[in-house]
Amino acid sequence: MPSSGQGPRVLYWFRTDLRLHDSPALAKALSLSPSALFPIFNWDPNYIYGHRVGINRFRFLLESLQDLSNEIKKLNGDSQLLLTRGAPQTRIRELCEKWQITHVAFEEDHNAYARHRDAAVVESLKAANIEVISQEGRHLYPIKEVLKNTKGQPPTSMSQLQKAVASLGDVAQPAETPTSLPSPCPPGSDKADIKKLFDLISDLSSYKEEVGTPDVDLNAAELGGQRKSGPDGEVTSYDTVAAGEKSKYKEEKSPFAVPTLASLGMEEPEVKLAEPIRGGTTEALRRLKKLTEDPAYLSTFAKPQTSPSTDPDAPSTTLLSPYIKFGCLGIRHYWHTVKETKKKHKGAKTDVPEGMEGQLLFRDMYAVCEAAVGDAFHGVRGNKISHYMDWYLPTVYDKDGKQVEPRPRGDDVSEERLRTFKEGQTGFPWIDALMRQLRMTGWIHHLGRHSVAAYLTRAQCWISWERGAEIFHEFLIDTDDASNDGNWMWLSASAFFSQYFRVYGLTTFPAKYDKHGYIVRKYCPELKDFPDKYIYAPHTAPKEVQEKAKCIIGKDYPFPVLDEKEEKKHCLDRCKAAYDSKLFGNSKEVLEGKAEGMLRKKHGVPDPKNFNYKENAANKIRARTGRRRRLLFPTPSTP
DNA sequence: AACCAGTTGGTGCG
DNA sequence: CGCACCAACTGGTT
């Protein structure tokens with residue numbers, strides 16, 4: 001029990017809610033009138049080692065943490081965000097014991113890993129008689145209440161979601177923003193003392209004893225990571241990220257301080273954006289304020305009408321998704337700000353689903369679906385809403401149903417298509433520009449995501465949406481498990497959407513929005529001197545045009561890796577066969593591993609093992625020129 | 001043309 | 001008349 005006889009000693013655990021405003025969990029914690037408040041963010045080795053985190057997202061996270069710490073300091077000069085590290089299942093409880101915490105508070109996070117993590121943490125805290133305050137706050141509506149209204153069924157359309165939330169009333173008003181915060185006081189003291197808090201935990205066991213030696217080191221990036229090696233050549237991000245305890249390479253000023261990319265040995269990516277997407281709640285609110293100055297924009301916003309041929313320097317959308325992902329922007333605050341701003345507009349207004357509120361409701365829809373389907377939402381196997389399609393390069397399971405990692409290599413053709421997709425070297429400028437933009441900036445427009453997702457899955461490559469979701473998860477700043485996996489299911493016509501014959505043309509679709517090819521010229525600069533006529537299909541340009549543009553297709557830019565029309569035809573046949581089979585991720589045949597053979601036999605599409613990749617035109621040219629294209633924008637795959 | 005869920009409106013039956 | 005059934009139609013954020 002606490003030594004001081006005053007109010008509760010609260011540890012507030014920040015995770016994906018890096019803000020002080022519109023935070024129901026923080027408000028509830030503060031309503032207890034705590035005598036001490038310890039705002040922590042904990043580096044989870046699972047995040048550092050187990051997840052693929054692109055450098056743009058890692059940078060965004062560091063900036064968001066620094067900004068949050070500054071905001072805390074503004075309310076209490078003796079406080080700051082306290083960064084700790086360790087497996088949360090044991091570390092949170094250890095901190096509680098050392099700091100004599102009575103209550104732990106956090107905002108609920110519904111994604112699969114977070115659910116399991118939090119369940120374990122709560123159990124360890126309950127066993128130690130520590131009270132847990134957890135509140136929903138990441139979504140417009142309480143997910144559990146929505147789920148009750150659907151009787152546990154996933155709402156797979158906007159109308160179903162709207163039906164399910166109809167009885168829940170209006171979106172709650174944002175929780176009040178605190179105007180002061182209690183100090184983090186060491187046990188037995190009524191004064192903040194960061195150094196003393198540090199001393200109390202600096203002898204805690206090392207992460208290696210807690211989680212074992214990680215077998216994945218993200219710094220050994222396969223994609224040309226720019227990691228500087230440490231003094232002994234063995235430094236990992238986890239060592240350098242260390243805060244709140246002794247670290248070999250610690251350079252931070254204060255024991256719990258937020259590290260910088262440089263202190264982690266990571267170099268800034270080669271981003272040429274005029275205005276990079278900077279993390280932090282301050283930046284989120286600044287961007288939101290700018291939006292409120294343009295009621296017409298928010299009022300007439302129609303997602304399908306916004307151009308995908310845009311980047312963070314010239315966005316056609318709000319660019320707020322990264323801030324929502326990390327909780328820098330409170331979702332109810334955003335919702336009501338949009339509502340209020342729209343009142344100022346006199347003319348016609350867009351509504352759900354294409355209007356601004358609709359965009360946010362889709363996020364809730366995916367979250368409810370994820371909660372209804374459970375862990376299986378993140379793949380095909382066992383997923384009751386995902387059609388079974390006999391994709392190439394699917395996630396592989398052993399006979400006990402355990403995922404085989406790393407994924408065994410698939411057929412050469414599909415692996416090559418996946419590689420060129422990830423690197424932005426497919427020979428289709430629209431796809432390549434988007435994929436390079438993704439890696440350079442951590443963001444692409446929603447319709448651009450549609451284009452690349454359909455290309456990789458149901459329209460051309462017939463590669464599992466699971467592979468695409470992994471790539472997005474690695475490089476997007478705004479990645480959110482429920483929305484990311486949900487949208488990949490949507491675009492691959494696995495769930496939510498079934499009109500698989502609606503296929504985006506790789507040249508016609510972008511040309512509808514942008515004849516000049518803004519993002520192609522920016523992200524594939526080798527193509528920048530092509531005339532508009534050929535910008536989305538440079539391989540069709542006559543030799544003289546290629547020479548004049550100083551870009552020979554097959555030499556300076558790849559020839560398309562596949563035939564768009566031919567593959568589309570195959571894919572439509574495969575879609576039809578898959579739908580006719582009525583197999584879903586949770587069908588017996590799928591769980592028993594028999595589904596693939598069944599479908600291959602049925603639709604008669606050649607097994608990729610029999611594809612003769614050498615006949616591919618791009619490869620012919622590659623064989624002739626005798627060299628592989630070098631990556632133009634290698635983005636390090638460091639955390 | 002090709003999908004699918006939900007709604008509508010008609011028919012037949014008790 | 002009420003009800004079950006079914007065919008036709010509609011809408012689906014892009």
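Residue numbers start from 1 in every chain, and the chains themselves are labelled A, B, ... in the order their sequence lines are given, proteins ahead of strands. Computed from a predicted structure; not experimentally measured.
Taking the six-membered ring where the residue is Trp, A/Tyr579 and A/His387 present parallel rings, their angle staying beneath 30° rather than reaching 60°. Note: A/Phe497 and A/Trp490 have parallel aromatic rings, judged against thresholds of 30 and 60 degrees for the angle between ring planes.
Here the closest heavy-atom approach between residue A/Pro429 and residue A/Ala537 is recorded as CG-N, 4.5 Å. Of all heavy-atom pairs between A/Pro304 and A/Tyr513, the closest is O-OH, 3.1 Å.
Between B/dA2 and A/Lys568, no contact under 4.0 Å exists linking OP1 or OP2 to a side-chain N or O.
B/dA2 atom C1' lies 14 Å from atom NZ of A/Lys569, rounded to whole Å. Atoms CE (A/Met158) and C1' (B/dA5) sit 16 Å apart, rounded to a whole Å. Atom CZ of A/Phe497 and atom P of B/dC4 are 12 Å apart (whole Å). Atom CD in A/Gln499 sits roughly 12 Å away from atom C1' in B/dA5 (whole-Å rounding). We find that CZ of A/Arg502 is positioned 10 Å from C1' of B/dC3, with the value rounded to whole Å. One atom, CH2 of A/Trp490, and another, C1' of B/dC4, lie 13 Å apart when rounded to the nearest Å.
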As a quick check of understanding, evaluate ring-ring contact (aromatic ring centres under 6.0 Å, His included) for A/Phe496 and A/Tyr366, giving each step before the final call. CA-CA 10 Å; A/Phe496 305 103; A/Tyr366 287 129; 5.2 Å; yes

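For the pair A/Arg278 and A/Phe60, the cation does not sit on the ring face, since its NZ or CZ is not both under 6.0 Å from the ring centre and inside 45° of the axis.
With a 3.5 Å limit on both pairing distances and Watson-Crick or G-U wobble geometry required, the stems of 3 or more pairs in DNA chain B span B:3-14 with C:1-12.
Residues A/Gln437 and A/Pro312 meet the side-chain proximity criterion, which asks for heavy atoms closer than 4.5 Å.
Contacts of A/Gln359 with the nucleic acid, taken as non-hydrogen atoms under 4.0 Å apart, include base atoms. Among the heavy atoms of the strands, none lies under 4.0 Å from A/Lys582.
You won't find any donor-acceptor pair under 3.5 Å spanning the side chain of A/Ser498 and the base of B/dC4, going by distance alone.
Salt-bridge formation is detected for the pair A/Arg287/A/Glu283: a Lys NZ or Arg NE/NH1/NH2 atom is positioned less than 4.0 Å from an Asp or Glu carboxylate oxygen. Under a 4.0 Å N-O distance rule, the pair A/Glu108/A/Arg15 does not qualify as a salt bridge.
The footprint of chain A on DNA chain C, defined by a heavy-atom cutoff below 4.0 Å, extends from C/dG12 to C/dT14.
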